[in-house]
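Encoded as structure tokens, the structure appears first; notes follow it.
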Amino acid sequence: MSDQIIRMLAKDAPVKASAITAGALVERARQIHKTLPTATAALGRALMGASMMGNQLKEEKGSLTLRVKGDGPLGSITAVSDSEGNVRGYVQNPAADLPRKRPGKLDVGAAVGAGSLTIIKDLNMKEPYVGTIELLSGEIADDIAAYFLESEQIPTACALGVLLDTDQSVLCAGGYLIQLLPGADESVIRTIEQGVARVGAVTDALRDGMTAKGLLMQVLSDFDMEVLEESPVEYRCYCSRDRVTRALISMGKKDLQDLIDEQGKAELTCQFCDKVYRYSKEELEAILAAM
């Protein structure tokens with residue numbers, strides 16, 4: 001089954017929710033960046049969080065960037081989603097790995113460390129919206145929930161999980177984002193908390209074959225939920241030779257001339273998908289001449 005993202009709304013309470021299954025998406029990221037287990041889990045959580053947040057954007061060609069900057073061995077983590085939830089990303093130190101907290105539990109929080117979470121929403125306006133908070137735990141799901149509460153005043157429950165196989169490949173991955181709308185009272189909050197506790201770890205549910213819709217229906221079983229949208233998502237990079245050429249042009253004439261004089265060629269690698277774009281001396285000179 002392909003990766004899916006779903007958005008739902010409660011008919012009988014001020015509650016909205018999203019959920020994602022993203023095993024193939026996270027496995028694709030692992031293969032591209034050659035991440036070790038802790039880095040795979042951290043990047044996977046960031047990708048899924050960004051995907052669900054990007055999927056909430058109302059601007060059709062908008063994008064959302066989630067950036068975690070911690071002082072742990074992973075360094076920074078970046079995930080960028082389009083408004084459909086297709087996402088790409090990378091981790092600064094993909095080979096970072098730590099001993100397990102306990103059997104089967106990767107220590108993402110320690111690998112991320114203390115630092116900040118920044119969300120950038122580009123809605124094709126003059127300036128993007130930028131919100132930054134201090135990391136709460138480094139586990140990413142907790143930090144996303146804290147971001148919504150602190151920066152947007154939206155009480156949020158977020159769960160994200162990545163389960164790895166014995167060969168370090170991704171067995172399953174997924175999560176949910178449940179948010180209170182204005183008018184929610186304490187009884188609604190308690191009901192959601194009970195649902196979250198009842199379902200427990202998302203990876204356990206996903207390993208048993210649960211879908212994104214099934215995950216939300218389990219957690220929010222006490223509410224009358226309706227589906228707003230359900231669609232496939234994937235790891236998708238938008239790099240192209242045209243974009244890389246524009247990046248070379250943005251260097252300016254002097255720096256591009258220096259590159260030609262010193263190296264006589266250029267090899268640029270996309271951070272998101274590791275595709276390499278090669279330019280000969282003649283191609284660089286043609287770009288320079290057209291500037």
Side-chain angles (χ1 to χ4, degrees), residues 1 3-6 8 15 17-27 29-30 35-53 66 68 72 74 77 79 87 97-112 117 135-149 155-179 189-223 225 233:
M1 182 181 289
D3 294 337
Q4 296 282 324
I5 195 165
I6 188 169
M8 302 182 77
V15 176
S18 300
I20 187 171
T21 50
L25 186 160
V26 178
E27 172 62 14
R30 184 191 74 86
T35 48
L36 290 183
T38 311
T40 301
L43 178 58
R45 291 180 193 181
L47 289 168
M48 293 187 292
S51 175
M52 287 189 287
M53 294 172 75
L66 183 155
V68 175
L74 286 174
I77 306 168
V87 69
D97 201 20
L98 290 179
R100 306 295 188 268
K101 266 187 184 179
R102 55 183 183 273
K105 178 62 176 172
L106 294 161
D107 199 351
V108 171
V112 168
L117 167 66
L135 290 171
L136 185 68
S137 68
E139 293 283 345
I140 299 176
D142 295 340
D143 303 299
I144 289 172
Y147 161 80
F148 274 112
L149 188 59
T156 299
C158 181
L160 300 164
V162 177
L163 184 65
L164 303 183
D165 210 337
T166 51
D167 63 358
Q168 299 187 1
S169 65
V170 178
L171 203 57
C172 61
Y176 57 75
L177 201 58
I178 300 169
Q179 299 181 303
I189 295 170
R190 281 197 304 273
T191 303
I192 292 172
E193 288 174 344
Q194 289 165 2
V196 168
R198 185 174 60 247
V199 172
V202 293
T203 47
D204 290 342
L206 295 169
R207 180 172 49 192
D208 294 336
M210 191 171 287
T211 62
K213 181 179 179 181
L215 194 58
L216 285 185
M217 294 301 285
Q218 283 256 12
V219 177
L220 300 172
S221 60
D222 293 311
F223 300 99
M225 303 300 296
V233 287

Closest contact, heavy atoms only, [X] versus [Y]:
X: R198; Y: V219; answer: NH2-O, 3.6 Å
X: C172; Y: L206; answer: SG-CB, 3.9 Å
X: L66; Y: G49; answer: CD1-C, 4.3 Å
X: G138; Y: L135; answer: N-CB, 4.4 Å
X: V162; Y: R45; answer: CG2-N, 4.1 Å
X: Y147; Y: M53; answer: CE2-CE, 3.9 Å

For the residue pair L163 and R207, establish whether any side-chain heavy-atom pair is separated by less than 4.5 Å. yes
Determine whether T156 and L177 make a side-chain contact, defined as any pair of heavy atoms from C-beta on separated by less than 4.5 Å. yes
With rounding to the nearest 0.5 angstrom, report the [atom1] to [atom2] distance, [X] to [Y].
X: Y176; Y: L160; atom1: OH; atom2: CG; value: 9.5 Å
X: I178; Y: L215; atom1: CD1; atom2: CG; value: 8.0 Å
X: L106; Y: R100; atom1: CG; atom2: CZ; value: 4.5 Å
X: D143; Y: L136; atom1: CG; atom2: CG; value: 5.5 Å
X: C158; Y: E139; atom1: SG; atom2: CD; value: 12.0 Å

If we check side-chain hydrogen bond (donor to acceptor under 3.5 Å, both in side chains) with S169, which of these qualifies: T166, D167, D165? D167
Using a strict cut-off of less than 4.0 Å between a Lys/Arg side-chain nitrogen and an Asp/Glu carboxylate oxygen, indicate whether E27 and R30 qualify as a salt bridge. yes
